[in-house]
Novice: 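Quick one: the structure is below, and I'll ask about it shortly.
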Amino acid sequence: MFSMRRFIHPLSIAYAGLTRAMTLGVRAAAFDAEGRVFLVHHSYLPGWYFPGGGVERGESAVAALDRELAEEGGVVRSGPAELFGFYWNRRKGRARDHVALYVCRGVTIENPPKIPNREIAAAGFFATDELPADLSPATRRRLDEILEGVPRADEW
């Protein structure tokens, strides 16, 4: 028996792949005056990550970066956000997802949000030689690129 659903579903997936726009996210390798890096532990993911998130329609990447830093930890930049790299995040279902990684030095915390909250389970500064054991692999690779001069990857 002919199933319309079996016919339409593959077509709808192919159509979405051809028409869906690229998504852009930002992340910050945010270091305080002591050289410690600010990391967040999300309530919905295991491990520790750089703060960041999606760039909204009508928002610049740097404005999104500042918004995410403030929302996730009350972090404020005192100097420029230096674009470090642009990465393709090719995890399943995110074939058009890209991440702009910025390095921010001399950041401080002002007006921190109450943590834990819906999004952030924990957040804080860590010495780069005392990072959490469950640091995400991508965050570890980016820190190696920034701090150790490891060649930069194209993929997140």
Novice: Any chain of hydrophobic side-chain contacts (each under 4.5 Å) joining V62 to V55?
Specialist: yes

Novice: Do L83 and V75 share a hydrophobic cluster, counting only Ile, Leu, Val, Met, Phe, Trp and Tyr and linking them when any side-chain heavy atoms are less than 4.5 Å apart?
Specialist: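 Same cluster: L83 reaches V75 through Ile, Leu, Val, Met, Phe, Trp or Tyr contacts under 4.5 Å.
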
Novice: Report the distance from atom CD1 of I146 to atom OG1 of T128, rounding to the nearest 0.5 Å.
Specialist: 11.0 Å

Novice: Sequence neighbours left out, what passes salt bridge (charged side-chain N to carboxylate O under 4.0 Å, His left out) with R77? Give chain and number order.
Specialist: D66

Novice: Hey, quick one: are L65 and F86 part of the same hydrophobic cluster, counting side-chain heavy atoms closer than 4.5 Å, chains of contacts allowed?
Specialist: yes

Novice: The criterion is ring pair (Phe, Tyr, Trp, His ring centres under 6.0 Å); which residues satisfy it with H42, sequence neighbours excluded?
Specialist: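 H42: ring pair (Phe, Tyr, Trp, His ring centres under 6.0 Å) contacts with Y44, Y49.
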
Novice: Consider only side-chain heavy atoms of I, L, V, M, F, W and Y, link residues closer than 4.5 Å, and tell whether F84 and L131 are in one cluster.
Specialist: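 Both belong to a single hydrophobic cluster.
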
Novice: To the nearest 0.5 Å, what is the distance between CD (E68) and CD (E119)?
Specialist: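 The CD atom of E119 is 6.5 Å from CD of E68, to the nearest 0.5 Å.
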
Novice: Restricting to side-chain contact (heavy atoms from CB on, under 4.5 Å), what partner residues turn up for R67, sequence neighbours left out?
Specialist: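 If we apply the side-chain contact (heavy atoms from CB on, under 4.5 Å) test to R67, skipping adjacent residues, the hits are E56, E59, A64, E71.
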
Novice: Tell me, do L39 and P132 make a side-chain contact under 4.5 Å, heavy atoms counted?
Specialist: yes

Novice: Would you give the length of the straight line joining atom CG of D154 to atom NE2 of H98, rounded to the nearest 0.5 angstrom?
Specialist: 9.5 Å

Novice: For E72 versus I115, what's the shortest heavy-atom pair and its separation?
Specialist: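 For E72 and I115, the tightest heavy-atom pair comes out as O-CD1, 3.8 Å.
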
Novice: Give me the atom names and distance for the closest heavy-atom approach of S78 to R105.
Specialist: OG-O, 3.9 Å

Novice: Hey, what do you get for CD (E145) to CZ (R140), rounding to the nearest 0.5 Å?
Specialist: 11.0 Å

Novice: A123 and V40: which non-hydrogen atoms are nearest, and at how many Å?
Specialist: CB-CG1, 4.0 Å

Novice: Do you know the tightest heavy-atom contact between G73 and I109?
Specialist: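 So the minimum-distance heavy-atom pair works out to O-CG2, 3.5 Å.
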
Novice: Kindly write out the residues that satisfy ring pair (Phe, Tyr, Trp, His ring centres under 6.0 Å) with Y87, not counting sequence neighbours, or none if the list is empty.
Specialist: W156

Novice: Begin with the C-alpha distance, continue with both residues' side-chain angles, and end with the deciding distance and a verdict on side-chain contact (heavy atoms from CB on, under 4.5 Å) for V37 and T139.
Specialist: CA-CA 11 Å; V37 64; T139 303; over 6 Å; no

Novice: With sequence neighbours left out, which residue pairs that include part of residues 104-148 fulfil the ring pair (Phe, Tyr, Trp, His ring centres under 6.0 Å) condition?
Specialist: F38-F125, W48-F126

Novice: Anything under 3.5 Å between a donor and an acceptor, one on a side chain of residues 24-33, the other on a protein residue two or more places apart or in another chain? List them.
Specialist:
residue: R27; atom: NH1; partner: F50; partner atom: O; Å: 2.7
residue: D32; atom: OD1; partner: E34; partner atom: N; Å: 3.0
residue: D32; atom: OD1; partner: G35; partner atom: N; Å: 3.1
residue: D32; atom: OD1; partner: R36; partner atom: N; Å: 2.9
residue: D32; atom: OD2; partner: R36; partner atom: NE; Å: 2.7
residue: D32; atom: OD2; partner: R36; partner atom: NH2; Å: 2.6

Novice: More than 12 heavy atoms of other residues, nucleotides or ligands under 6.0 Å from CG of D134: yes or no?
Specialist: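 For D134, atom CG is crowded (more than 12 foreign heavy atoms under 6.0 Å).
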
Novice: P113 and A70: which non-hydrogen atoms are nearest, and at how many Å?
Specialist: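 Where P113 meets A70 most closely, the heavy atoms are CD-O, 4.1 Å.
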
